[in-house]
Peer 1: 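Encoded as structure tokens, here's the structure I'll be asking about.
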Amino acid sequence: LTLKEATRLIQIRGSIRNQIGRDGAMAAVGLNAEQFLDMLPEGLPVEVAAQNTGSLVTVTGEVHEIDALEAFIKAERPELFYRRLATDTAWHSRMLEPTEKWFRDQVGEIEWQTPRIPFVSSVTGRLNSRFDLDYWWPNLRSPVSYKPAIDMAIAGGTDVFLELAPSRALSGMTATVISENESSAITVNSLYKGEDDFTSLSVAASQLYCAGAVIDSGKGSATLGNP
């Protein structure tokens with residue numbers, strides 16, 4: 001996507017919260033998806049929102065459903081890792097389904113092109129080359145296949161994972177999946193909350209260089225010192 005198209009999509013995606021009409025909730029649970037669904041009490045329609053690692057899922061649902069799940073875990077499985085997430089939206093849940101038409105109408109046609117390098121999608125957990133509207137709606141509604149995506153990247157020979165984000169958010173889970181695969185791949189963070197951006201990027205570039213990456217600083221950009 002172009003920067004303009006990506007920005008437009010992000011704005012619409014964020015605005016969908018106002019179309020839902022009621023609060024939802026999410027939580028992290030220290031089980032894999034199969035284990036969580038096996039544990040889930042009958043009749044409690046909490047959904048898996050993300051497969052993060054082989055031992056961590058994010059779950060999603062109505063506020064009262066997550067409340068009931070929390071009470072069940074505290075009473076029946078107190079040894080489990082459980083953490084309520086700071087959100088009032090049940091992303092990747094059935095609560096989004098009434099907004100599908102609104103989302104599709106708002107987005108309309110998307111200008112996209114086939115990636116120049118292999119792209120492993122956390123929507124499908126597989127290689128992906130299409131980024132039309134039929135890709136971006138499941139990006140909201142379907143569970144995030146983060147672990148399957150990292151598994152595939154490692155299987156394809158990826159040995160360095162660079163997180164592009166304003167703070168460290170995914171590298172911990174990435175490192176866990178790397179360990180689960182008994183891989184020697186490394187993770188690198190581009191920015192850290194509360195730290196100078198240039199310093200953080202310089203450290204990241206140095207780590208990438210030491211890992212064997214070719215650093216192209218670009219014409220007119222600041223020159224990085226030796227790692």
Peer 1: Identify, with sequence neighbours excluded, every residue that meets salt bridge (charged side-chain N to carboxylate O under 4.0 Å, His left out) alongside Asp88.
Peer 2: Arg17

Peer 1: May I ask whether Val188 and Ile154 are part of the same hydrophobic cluster, defined by side-chain heavy atoms of I, L, V, M, F, W, Y residues being less than 4.5 angstrom apart, directly or through others?
Peer 2: no

Peer 1: Would you please name every residue forming a ring-ring contact (aromatic ring centres under 6.0 Å, His included) with Phe119, sequence neighbours left out?
Peer 2: Phe131

Peer 1: Applying a strict under-4.5 Å side-chain criterion to I, L, V, M, F, W and Y, I'd like to know whether Ile20 and Trp102 cluster together.
Peer 2: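 They do share one cluster, since a chain of ILVMFWY contacts under 4.5 Å joins Ile20 to Trp102.
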
Peer 1: Tell me, please, which residues at least two apart from Ala169 pass side chain to side chain contact (heavy atoms under 4.5 Å, CB included).
Peer 2: Glu163

Peer 1: Grouping I, L, V, M, F, W and Y whenever their side-chain heavy atoms are under 4.5 Å apart, do Val123 and Leu127 come out in a common cluster?
Peer 2: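 The answer is no; the residues belong to distinct hydrophobic clusters.
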
Peer 1: Could you measure the distance from the OG atom of Ser145 to the CD1 atom of Ile150? Nearest 0.5 Å is fine.
Peer 2: 11.5 Å

Peer 1: Going by side chain to side chain donor-acceptor pair (under 3.5 Å), name the residues that satisfy it together with Gln11, two or more places apart in sequence or in a different chain.
Peer 2: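 Side chain to side chain donor-acceptor pair (under 3.5 Å) list for Gln11, sorted by chain: Ser15.
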
Peer 1: Under the 3.5 angstrom rule, does the side chain of Gln51 hit a backbone N or O of Pro143 as a donor-acceptor pair?
Peer 2: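 No, Gln51 side chain to Pro143 backbone: no donor-acceptor pair under 3.5 Å.
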
Peer 1: For Thr58, enumerate each residue passing the side chain to side chain donor-acceptor pair (under 3.5 Å) test, keeping only those at least two apart in sequence or located in another chain.
Peer 2: Asn52

Peer 1: What are the two closest heavy atoms between Gly61 and Ala90, and how far apart are they?
Peer 2: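 What the structure gives for the nearest pair is O-CB, 3.4 Å.
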
Peer 1: Could you state whether Val120 and Ile178 fall into the same hydrophobic cluster, counting links through intermediate Ile, Leu, Val, Met, Phe, Trp or Tyr residues with side-chain heavy atoms under 4.5 angstrom apart?
Peer 2: no

Peer 1: Please report the shortest heavy-atom distance between Ala49 and Met26, naming the atom on each side.
Peer 2: CB-CE, 3.6 Å

Peer 1: When rounded to the nearest 0.5 angstrom, what distance separates CG in Asn128 from CE in Met152?
Peer 2: 11.0 Å

Peer 1: Just verifying a value: how many Å separate Glu195 CD and Ser167 OG, rounded to the nearest 0.5 Å?
Peer 2: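 If we round to the nearest 0.5 Å, Glu195:CD and Ser167:OG are 9.0 Å apart.
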
Peer 1: The criterion is side chain to side chain donor-acceptor pair (under 3.5 Å); which residues satisfy it with Arg168, sequence neighbours excluded?
Peer 2: Ser171

Peer 1: Taking side chain to side chain contact (heavy atoms under 4.5 Å, CB included) as the test, write out the residues that go with Ser129, two or more places apart.
Peer 2: Thr114, Pro115

Peer 1: Going by side chain to side chain contact (heavy atoms under 4.5 Å, CB included), name the residues that satisfy it together with Asp134, two or more places apart in sequence or in a different chain.
Peer 2: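 In terms of side chain to side chain contact (heavy atoms under 4.5 Å, CB included), with neighbours along the sequence ignored, Asp134 is linked to Arg104, Asp132.
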
Peer 1: Could you pull out the closest heavy-atom pair between Asn32 and Val57, with the gap in Å?
Peer 2: C-CG1, 3.6 Å

Peer 1: Do Tyr146 and Thr174 have side-chain atoms, one donor and one acceptor, less than 3.5 Å apart?
Peer 2: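 Per modelled atom types, Tyr146 and Thr174 side chains form a pair under 3.5 Å.
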
Peer 1: Tell me the closest heavy-atom pair linking Trp91 and Arg13, and the distance in Å.
Peer 2: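 Scanning both residues, the minimum pair turns out to be CH2-O, 4.0 Å.
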
Peer 1: So, are Glu100 and Arg141 salt-bridged, with charged N and O less than 4.0 Å apart?
Peer 2: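 Salt bridge: no.
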
Peer 1: Can you list everything that forms a ring-ring contact (aromatic ring centres under 6.0 Å, His included) with Trp137? Sequence neighbours excluded, please.
Peer 2: Phe103

Peer 1: Could you list the residues that satisfy side chain to side chain donor-acceptor pair (under 3.5 Å) with Thr7, not counting sequence neighbours?
Peer 2: none

Peer 1: Quick one: closest heavy-atom pair of Leu162 and Leu208, and the distance?
Peer 2: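 Residues Leu162 and Leu208, closest heavy atoms: CD2-CD1, 4.1 Å.
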
Peer 1: Report the C-alpha separation of Leu69 and Phe36 in whole Å, then their side-chain angles, then the decisive distance to 0.1 Å, and conclude whether the side-chain contact (heavy atoms from CB on, under 4.5 Å) test is met.
Peer 2: CA-CA 11 Å; Leu69 174 67; Phe36 174 77; 4.0 Å; yes

Peer 1: Walk me through whether His92 and Val48 qualify under side-chain contact (heavy atoms from CB on, under 4.5 Å).
Peer 2: CA-CA 8 Å; His92 308 287; Val48 173; over 6 Å; no

Peer 1: When you group the ILVMFWY residues by side-chain heavy-atom contacts below 4.5 Å and let the links chain together, are Phe161 and Leu191 in the same group?
Peer 2: no

Peer 1: Any idea which heavy atoms bring Thr158 and Ala185 closest together, and the distance?
Peer 2: O-CB, 3.9 Å

Peer 1: Going through the distances and angles, do Phe198 and Asp196 end up as a side-chain contact (heavy atoms from CB on, under 4.5 Å)?
Peer 2: CA-CA 6 Å; Phe198 182 78; Asp196 178 74; 3.4 Å; yes

Peer 1: What pairs with Glu111 under side chain to side chain contact (heavy atoms under 4.5 Å, CB included), at least two apart in sequence or on another chain?
Peer 2: Glu5

Peer 1: Can you list the residues that meet the salt bridge (charged side-chain N to carboxylate O under 4.0 Å, His left out) rule with Arg77, with sequence neighbours excluded?
Peer 2: Glu79

Peer 1: Evaluate the side-chain contact (heavy atoms from CB on, under 4.5 Å) criterion for residues Met39 and Leu80: first the C-alpha distance (whole Å), next the side-chain angles of each, then the deciding distance (0.1 Å), finally the verdict.
Peer 2: CA-CA 11 Å; Met39 177 199 72; Leu80 276 183; 3.6 Å; yes

